[in-house]
Amino acid sequence: MRLFIWKDLIVILRDRSEIMVLLLMPFILIGILGFALGGILGGDSSEIDVQVALVAEDNTEEGTAQFLQELEEIELPDELHEEIAETARTLNPAKLLKEFLENEDLKEIVTVEEMKASEASRMLEAGELDAVLTLPEGFTYTSLQAMIWNEEISADVIVTLSENGSLYANIFADLIEGFVEVLNLESAIASAAGPEAAREGEPAETGGVIPIAQNEPVNSMQYYSIGMAVMFVLYVAGTIASKAYVEKHEQVYNRIILSGTHPAKYLSGKWMTGTLFSFLQMGILFTLSAFIFRTFSLDSINFWTGMVFITFVLALCIGSLTSLLTSISIRFESDAVSSIFSGGVVTLFAFAGGSFFPLAGMPQVIVEAGNWTPNGIAMTAYLLWLQGFEWTVLLPSLNRLLLLSAVLLAASVIIFPRRRSVTS
Amino acid sequence: MLETEELSKAFKGKTVVEGVSLYLEKGESVGLLGPNGAGKSTTISMISSLMKPTSGEVLLHGENVIKNPGKIRKVLGVVPQDIALYQELTAYENLKFFGRIYGLKGQMLTEKIKEVFSLVGLTDRQGDILNTFSGGMKRRVNIAAALLHDPEILIMDEPTVGIDPQSRSYILDMIRELNLQKGITVLYTSHYMEEVERLCDRVYIMDHGKIISSGTKEELKSILSGEETILMELDRAYPEMEKEFQQLDSIRQVIETEKGLKLISVKGSRLLSSLFQIADRHEAQVTNVNIQEPSLEDVFLHLTGRKLRD
Ligand SMILES: Nc1ncnc2c1ncn2[C@@H]1O[C@H](COP(=O)(O)OP(=O)(O)O)[C@@H](O)[C@H]1O
Ligand SMILES: [Mg+2]
């Protein structure tokens with residue numbers, strides 16, 4: 001088996017034009033797109049439009065009143081008492097949040113509309129919203145407690161992201177996460193004069209409702225490093241299949257069969273070469289991108305472990321795709337399928353998978369289709385991982401890749417000429 | 001040792017090989033001669049188990065091998081019509097790959113590769129990438145790859161197509177040597193009758209999917225023993241004169257060639273003077289005349305009324 005992989009790898013590596021397509025082109029495109037379209041995801045562009053509904057289930061006055069009432073019962077020097085009461089009256093957490101969302105920077109990318117819970121969830125389901133931000137009952141009260149007493153209770157905001165996991169929704173989740181942290185930071189300062197001043201508050205948790213995003217939003221360099229890698233890895237399948245066609249057409253395949261080699265060995269060789277090569281290709285692209293464009297931080301082992309894992313799962317899927325395209329090329333002794341694949345299907349897949357630009361705002365059909373392309377699925381997984389989501393959030397994507405992988409592989413085995421004699 | 005019985009192949013109802021029965025004795029060198037499209041490659045594919053016959057049998061030592069191709073694959077070395085090699089690999093890497101898939105390894109493999117490279121005269125170039133080779137050299141590696149597992153029978157499908165005369169000559173000598181000195185049985189397919197004439201003891205002539213004649217070279221030529229061939233070179237074509245030639249009793253066939261005419265005539269008919277008289281009357285300029293013994297080419301012509309290569 002190693003023999004077959006060795007041979008297939010050399011055949012590609014010695015073909016300069018293939019190397020150009022598989023390694024140089026995506027790298028150049030990452031550079032060009034990453035720099036040229038730097039604005040789109042960098043935050044200062046109007047291209048992004050996150051549609052958010054704000055659902056206030058909390059009554060600010062009641063919350064403040066409740067806080068003040070409890071304040072009465074605490075024994076404190078009069079001046080301090082008065083000062084805290086004054087702070088509580090002026091601090092309006094809900095208003096702060098609204099102001100935050102409507103400040104100069106965010107106004108360009110986030111559109112906030114206040115509405116009722118029922119209305120919001122209807123629109124979210126219809127895909128008209130990217131996220132719903134709910135201020136639950138008691139929000140003002142808990143926030144004041146957190147900010148003033150520096151209590152370790154969370155100032156719960158509930159963020160519900162739209163189902164298709166659009167990038168925008170994820171960006172928004174990041175923003176809110178950032179805000180909640182800031183709130184707590186401020187609360188620490190605000191309570192500096194208070195009785196609990198000495199207690200260093202840990203950042204409040206946002207509660208279990210949204211996964212916590214710890215990283216910065218994805219920047220354009222990162223976006224296109226991933227976009228181009230998952231697009232160009234598709235060419236690996238097309239390339240190996242077209243080489244398989246040459247093997248069949250020039251009777252090298254016959255020669256292999258004549259040696260008594262089982263055809264299954266040949267096919268699994270292609271599968272493994274596809275997997276190995278695509279893994280290496282993406283590995284090289286990500287590493288180069290990290291070193292030359294400083295796309296990804298090189299410090300975090302955890303981050304890179306995740307990248308390696310996602311890349312491996314995607315590589316398996318590309319291996320299976322390679323196997324399928326090979327089967328078709330050999331069975332029908334035609335390179336039509338591999339050339340149609342490389343000549344058009346890759347571009348369509350890349351488009352639907354979001355390699356060129358984020359898909360939010362695209363018709364739902366395209367988004368759905370993209371969710372079934374190997375590159376599209378992997379892209380989602382990479383982006384979630386980049387934003388610091390937990391493993392569990394990535395699992396559906398990874399499972400889907402594995403499922404797709406199994407289906408492609410099964411199809412390839414069915415299509416591959418099984419009989420030991422080559423032509424009927 | 002190898003035999004086919006009434007081998008036939010039809011593609012989508014179109015019969016391209018029909019009732020081909022041939023045999024190879026151990027140590028023989030047998031030619032399969034026929035024009036392009038005659039069905040030679042199809043026949044070879046069926047013999048070598050790459051293609052299932054529509055009907056008929058392939059027997060190795062009397063045993064039917066169609067159901068059990070493993071047996072024949074082991075003893076067969078097949079040189080395909082195409083250069084069935086990896087253009088991106090070096091000649092050495094190619095042979096290493098094909099040797100390994102035949103189960104050779106280590107010292108055995110290294111020695112075998114050395115041996116076949118010296119046989120095909122490419123020891124100096126074995127480290128070069130195949131792409132940089134001339135057509136003739138590629139053809140030689142193509143043959144070398146079929147010899148690694150010491151086949152008893154070598155089946156070659158037009159192994160000299162499209163190469164220069166020196167390379168061709170080298171290859172023909174090499175095959176002859178393999179046949180005579182190593183006792184490898186050879187089935188040589190070609191549409192070049194000179195090659196078959198030079199290499200083979202026995203010949204099958206194939207046309208339109210059928211064997212139309214077979215035998216030793218001498219047997220085949222004796223079909224034409226009563227004939228001789230007159231080549232007449234002319235400065236241009238003279239259609240009227242041609243017609244007149246055709247009417248002569250002792251002329252069997254008149255064929256236009258690039259340089260003039262080829263006349264197949266009854267042996268010893270002393271035609272020349274009458275031919276010249278007719279040419280004179282048509283004011284034709286005869287630049288050369290040549291009388292030949294029949295060749296296999298002429299046999300083919302006689303049998304089919306067509307030339308081998310057109
Ligand atoms: N796979 C195929 N399908 C249909 N027709 C074929 C196929 N292979 C060969 N033929 C036809 O069979 C005939 C004989 O072909 P081939 O055996 O290659 O002839 P040769 O080797 O003598 O030139 C040709 O007319 C060719 O077009
Ligand atoms: Mg042929």
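Every heavy atom of this structure was used, including side-chain atoms; hydrogens, water molecules and symmetry mates were not. Since we're looking at a predicted model, the values are computed, not measured. Note on naming: letters A, B, ... go to the chains in the order of the sequence lines (proteins, then strands), and numbering restarts at 1 for each one.
Listed here is the closest heavy atom pair of B/I129 and A/R14: CD1-CD, 3.6 Å. Nearest heavy atom pair, residue A/I256 against residue B/I101, reads CA-CD1, 3.8 Å. Closest approach of A/E250 to B/L85, counting heavy atoms only: OE1-O, 4.3 Å.
Although no hydrogens or angles enter the test, the distance criterion places no donor-acceptor pair under 3.5 Å between the side chain of B/R73 and the main chain of A/S259.
For CZ of A/F309, the number of neighbouring non-hydrogen atoms (other residues, nucleotides, ligands) closer than 6.0 Å is 12 at most. A/F312 CZ: 12 or fewer foreign heavy atoms inside a 6.0 Å radius.
Per-residue counts of heavy-atom pairs under 4.5 Å with chain A were compared for B/N142, B/V78, B/I66; the largest is that of B/N142. Per-residue counts of heavy-atom pairs under 4.5 Å with chain B were compared for A/E247, A/K265, A/Q251; the largest is that of A/Q251.
Residues A/V252 and B/F98 are in side-chain contact: their nearest non-hydrogen atoms beyond the backbone lie under 4.5 Å apart.
The line from CZ of A/R255 to CZ of B/F97 is 11.0 Å long, rounded to the nearest 0.5 Å. With values rounded to the nearest 0.5 angstrom, A/L258 atom CG is found 9.0 Å from B/S45 atom OG. Between atom CD of residue B/Q87 and atom NZ of residue A/K243 there is a gap of 10.5 Å, rounded to the nearest 0.5 Å. A distance of 11.0 Å separates CG in A/L3 from NZ in B/K105, rounded to the nearest 0.5 Å. Taken to the nearest 0.5 Å, the CH2 atom of A/W6 stands 4.5 Å off from the CD atom of B/E93.
In this structure, B/E88 does not pair ionically with A/R16, as no charged nitrogen and carboxylate oxygen lie closer than 4.0 Å.
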